[in-house]
Amino acid sequence: MRSAVGSSAAASETGSGVLAPRARPRILPYRLLLVLVSVLLAVWLWPIGQMLQHIEALFPVALHTVTEFAAIVVALLLFSVAWFARSEGQPGNVVLIGCGFLAVGLIDLGHTLSYKGMPVFVTPADPEKAIHFWLAARYMAALTLVLAAMRERPPIQSAFVRHLMLAGALGVTGLVFWINLFHPEVWPRTFVSGQGLTGFKIVAEYGLIVLSGMAAWFYYERMAAVRSSTAHSYAALCAACLITILSELCFTLYANVNGVFSLLGHLYKIIAYAYIFRAIFVTSVRDPYRRLRVEVQERREAERRVEFLAYHDILTQLPNRALARDRLLQAIADARRHQTLVALVFIDLDNFKTINDSLGHARGDALLQAVAGKLTANVREADTVSRQGGDEFLLILKDLPDIEAAGVIVGKLLEALSEPMDVDGVCLSTSASAGVAVWPSDGHDFDSLLRSADTAMYRAKEEGRNAYRFFDENMNRESMERLTLRQGLRTALEAQQFALHYQPQIDLMSGRVVGVEALLRWVHPEWGVVPPNRFVPVAEESGLIVPIGNWVIQEACRQAVAWDRAGLPPLAMAVNLSALQFKRGDLESVLADALNQAGLPAERLELELTESSLVDEPQLVRARLLSLHEMGVKLAVDDFGTGYSSLSYLKRFPVDRLKIDRSFVSELVSDPDDEAIVRAIIQLAASLGLKTVAEGVENESTRIRLQQLGCDEAQGYLFGRPMPADAMPAWLADWMARGDVSAP
Ligand code: C2E
Ligand code: MG
Ligand code: MG
């Protein structure tokens with residue numbers, strides 16, 4: 001059964017339910033009820049009370065008029081609140097009670113005007129007439145409350161039903177007035193002067209008591225079943241019904257309409273009305289307003305949250321790019337006024353991917369939060385720290401007196417970041433690279449400054465990481481150049497703009513040509529020959545080095561066999577391999593295909609790997625080297641001495657040759673340090689059973705010194721520059737014709 005004076009909106013019942021204490025607070029006015037019962041019992045049972053019954057002066061007609069008017073005003077107020085303050089989602093029985101009490105108030109007016117001692121109201125005043133109005137009003141009230149309590153149907157909100165209820169109430173009122181004024185004879189007698197109330201009247205009052213009792217019971221049950229303000233409204237209605245019962249008891253007891261019971265009955269009635277009014281007022285006015293207030297608060301909270309999310313990064317709570325842009329523009333405006341500088345700093349963590357991959361995303365996130373905290377703690381209050389996403393952060397340093405000030409702050413920040421920090425109970429250390437762009441020299445708006453800072457950050461990464469670089473115009477030129485190169489490289493392979501040049505490698509003891517190194521050349525139709533040092537890094541960055549490198553392998557193998565067929569002595573073919581190619585899973589099959597297609601034995605092919613290809617992931621590197629070794633291809637470490645080679649890996653890896661980097665060879669004769677290094681490399685290689693090849697031999701004294709030091713082979717301009725394939729037979733013939741192999 002659903003009966004709800006009070007809010008039917010589920011929100012109000014469940015809304016406070018979560019927080020509501022388990023013990024229900026006493027919301028029925030027990031104390032007041034106790035007082036009212038005690039007063040009634042006292043008057044009834046106490047001899048003086050019995051005497052008061054007969055003192056007419058206690059409840060003169062004037063006082064009756066005043067109390068009744070008070071009750072009428074409350075009833076009419078009740079109607080107007082229920083009728084005019086109704087709203088969506090409110091129970092329909094609020095309007096039912098309102099309309100019912102409109103009728104009650106109007107009929108009570110009839111009662112007041114008919115009371116003994118009042119002037120003529122259509123017919124003369126008379127206790128009988130007053131009681132007819134009285135009983136009609138009381139039944140109207142009791143039936144209204146019972147109906148409202150029993151209503152099972154959902155809230156009625158349609159205007160038609162509302163107006164039907166109003167018309168019904170007015171109709172009943174009209175009928176009561178018509179009967180009471182013009183046909184009072186239909187009523188049995190209710191009051192006999194001197195004797196008091198008749199049996200009919202008393203039974204009628206008990207009927208009211210039963211109805212009120214039923215209503216009280218229904219409301220009590222509702223009150224116990226629901227929570228919060230709805231329960232308070234039910235409690236008020238329950239109290240009203242109980243007080244009505246007390247009021248009715250008074251009217252079963254009195255022998256004199258002006259006596260004490262009549263007085264008490266009327267007073268109790270006003271109190272009951274007041275409780276009903278309270279229930280209706282709370283449901284129709286107070287609760288909806290409160291709910292409204294809580295909802296305009298909740299919405300504001302949600303709006304605030306949405307706004308925060310639009311301008312902040314969720315993970316770190318730092319301003320996002322949109323807010324950073326705004327702050328930068330503000331900082332520029334300030335700097336313009338104060339004639340100061342603004343720095344935009346682009347920070348990127350150096351090893352975040354490794355941490356994220358190895359320790360998991362949760363810890364990666366925690367690290368980012370820790371970094372955010374560190375950055376925030378190490379800049380001035382007016383500066384902005386923002387997260388761009390991933391492991392990229394932006395700083396906006398305001399009001400700088402000079403560029404050096406930015407350097408000081410960023411240097412301090414990087415130092416702080418490189419200190420180990422506790423991340424979720426794990427001690428992690430990270431480092432970061434930063435690029436600094438300064439307004440106004442490096443850009444005039446957010447986008448141009450961001451580009452500059454990004455470029456400078458890349459430079460810091462290239463130059464070894466864990467450092468910061470200021471942007472300069474050259475970087476821009478270089479990055480533009482890279483972009484152009486990258487675009488050119490995309491079509492270079494298809495357009496057959498690549499060629500291989502070959503540089504001979506000489507055995508220092510015998511002077512024999514033992515092999516050639518294939519060196520890539522890019523002949524661009526507009527730019528001419530682009531040296532590999534310029535385009536290979538770009539091709540590596542973009543991944544284009546893989547298809548280009550595959551072409552190099554095929555072409556070198558093909559050329560080796562072509563020379564064989566042309567009658568040249570069998571030459572070893574060395575090919576440079578980039579780290580990216582080396583790490584790809586399909587290297588073996590690419591090599592096998594190239595060797596097969598060309599018909600070149602695997603032992604004739606040598607792969608030159610840089611030290612940097614070999615340092616990461618030693619297990620994988622070793623496995624790959626072993627499988628290449630098994631295929632039969634030779635392996636050489638290129639540019640040896642410039643990287644981070646460790647002796648242990650050389651021992652474990654199946655490499656065949658070390659190529660001593662040109663930087664040690666070129667000054668070999670004049671620089672004792674270089675000589676010491678070359679000597680050490682040669683000794684090391686010999687002890688590991690590896691051959692050595694010296695790169696960049698340009699003069700005779702170097703050749704002789706290398707020979708003395710025990711170096712096996714050499715290549716360099718002294719013997720021959722890299723040359724196109726078709727120049728090789730002539731060069732070789734010339735070389736062999738000289739006969740004196742040790743002195744070209
Ligand atoms: P690298 O493998 O160390 O090649 C030797 C470089 O030294 C070549 O430069 C060669 O022309 C140069 N060189 C040889 N002898 C002398 C000399 O006596 N004096 C001087 N000053 N230089 C000499 P190049 O051809 O410009 O190649 C530069 C680098 O580009 C190579 O260094 C290699 O790392 C890379 N590279 C060349 N071709 C390829 C390729 O097909 N694939 C890949 N991944 N890298 C390549
Ligand atoms: Mg090489
Ligand atoms: Mg080299």
Side-chain angles (χ1 to χ4, degrees), residues 305-306 308-325 327-328 344-379 383-397 409-437 450-451 453-469 540-543 579-580 583-585 612-613 615-621 644:
R305 181 94 194 121
V306 167
F308 182 84
L309 290 181
Y311 290 105
H312 290 81
D313 165 55
I314 304 172
L315 179 68
T316 58
Q317 313 273 305
L318 290 177
N320 63 10
R321 182 189 282 239
L323 186 53
R325 177 189 294 270
R327 297 259 179 95
L328 182 81
L344 183 67
V345 186
F346 198 116
I347 297 182
D348 187 285
L349 300 187
D350 289 332
N351 54 350
F352 180 69
K353 195 175 151 16
T354 316
I355 291 178
N356 214 28
D357 290 348
S358 54
L359 297 179
H361 290 266
R363 202 151 266 141
D365 284 354
L367 174 70
L368 291 175
Q369 285 167 331
V371 167
K374 261 195 186 175
L375 291 175
T376 313
N378 280 284
V379 296
D383 296 334
T384 298
V385 180
S386 142
R387 179 169 174 238
Q388 297 295 287
D391 59 346
E392 296 172 353
F393 294 86
L394 273 191
L395 299 184
I396 297 164
L397 306 177
I409 298 175
V410 179
K412 203 181 71 182
L413 267 176
L414 294 188
E415 212 168 286
L417 281 182
S418 62
E419 281 162 18
M421 50 188 137
D422 180 71
V423 175
D424 268 1
V426 172
C427 181
L428 288 181
S429 59
T430 178
S431 65
S433 304
V436 187
L450 187 65
R451 259 199 312 277
D454 189 33
T455 305
M457 189 278 291
Y458 264 101
R459 179 52 61 94
K461 288 253 186 217
E462 276 172 7
E463 292 179 6
R465 305 170 165 217
N466 194 15
Y468 68 89
R469 290 286 173 270
E540 281 175 335
E541 246 173 45
S542 60
L580 205 61
K583 286 188 177 135
R584 279 177 64 101
S612 56
S613 303
V615 283
D616 294 336
E617 303 171 285
Q619 302 300 333
L620 289 177
V621 168
Y644 306 91

Revision key, fill the gap. With sequence neighbours left out, the residues meeting ring pair (Phe, Tyr, Trp, His ring centres under 6.0 Å) with Phe308 are His312
**Study point:** Residue among Thr384, Leu395, Ile396, Val436 satisfying side chain to side chain contact (heavy atoms under 4.5 Å, CB included) with Leu344
**Key:** Ile396
Check your understanding: Do Ile314 and Leu309 touch side chain to side chain, with heavy atoms closer than 4.5 Å?
Key -> yes
Point to revise | Counterpart residues, side-chain contact (heavy atoms from CB on, under 4.5 Å), relative to Glu415 (two or more places apart) | key: none
Check your understanding: Looking at CG of Leu397 and CG of Leu413, how far apart are the two atoms once the value is rounded to the nearest 0.5 Å?
Key -> 7.5 Å
Exercise for review: For the pair Glu463 and Arg469, evaluate side chain to side chain contact (heavy atoms under 4.5 Å, CB included) and give the outcome as yes or no after the intermediate values.
Suggested key: CA-CA 9 Å; Glu463 292 179 6; Arg469 290 286 173 270; 2.7 Å; yes
Exercise for review: Any chance you could measure Leu428, atom CG, to Leu359, atom CG, to the nearest 0.5 Å?
Suggested key: 6.0 Å
Review point. Are Ile409 and Val345 side-chain neighbours, meaning at least one heavy-atom pair lies under 4.5 Å?
Key: no
Please output the side-chain donor-acceptor pairs of residues 360-373 that fall under 3.5 Å, not counting sequence neighbours, one pair per line with the distance.
residue, atom, partner, partner atom, Å
His361, ND1, Asn356, ND2, 3.4
Arg363, NH2, Asp424, O, 3.3
Gln369, NE2, Leu315, O, 3.0

Practice item. Output yes when a side-chain donor or acceptor of Lys374 lies under 3.5 Å from a complementary backbone atom of Met421, and no otherwise. Key: no
Exercise for review: Rounded to the nearest 0.5 Å, what's the gap from CG on Leu414 to OH on Tyr468? Could you check?
Suggested key: 8.0 Å
Point to revise | Results of side-chain contact (heavy atoms from CB on, under 4.5 Å) for Thr376 - residues two or more places apart only | key: Leu318, Val385
Check your understanding: Between Ala460 and Ala434, what is the shortest heavy-atom contact and its length?
Key -> CB-O, 3.7 Å
**Study point:** Arg465: partners by salt bridge (charged side-chain N to carboxylate O under 4.0 Å, His left out), with sequence neighbours left out
**Key:** none
Check your understanding: Is Ser386 reaching over with its side chain to a backbone N or O of Pro319, donor-acceptor style, under 3.5 angstrom?
Key -> yes
Check your understanding: Among all residues two or more places apart in sequence or in another chain, which pass the salt bridge (charged side-chain N to carboxylate O under 4.0 Å, His left out) test with Asp391?
Key -> none
Study note, to complete from the structure: Residues pairing under side-chain hydrogen bond (donor to acceptor under 3.5 Å, both in side chains) where one sits in residues 316-325, two or more places apart or in two chains, turn out to be Asp313-Thr316, Arg321-Gln388, Arg325-Asp447
Please tabulate, for side-chain N and O atoms in residues 346-353, each donor-acceptor pair with protein atoms closer than 3.5 Å (sequence neighbours left out).
residue, atom, partner, partner atom, Å
Asp348, OD1, Lys461, NZ, 2.8
Asp350, OD1, Ser433, N, 3.4
Asp350, OD1, Ser433, OG, 2.6
Asp350, OD1, Lys461, NZ, 3.0
Asp350, OD2, Ser431, OG, 2.6
Asp350, OD2, Ala432, N, 3.4
Asp350, OD2, Asn466, N, 2.9
Asn351, OD1, Thr430, OG1, 2.8
Lys353, NZ, Asp357, OD2, 2.8

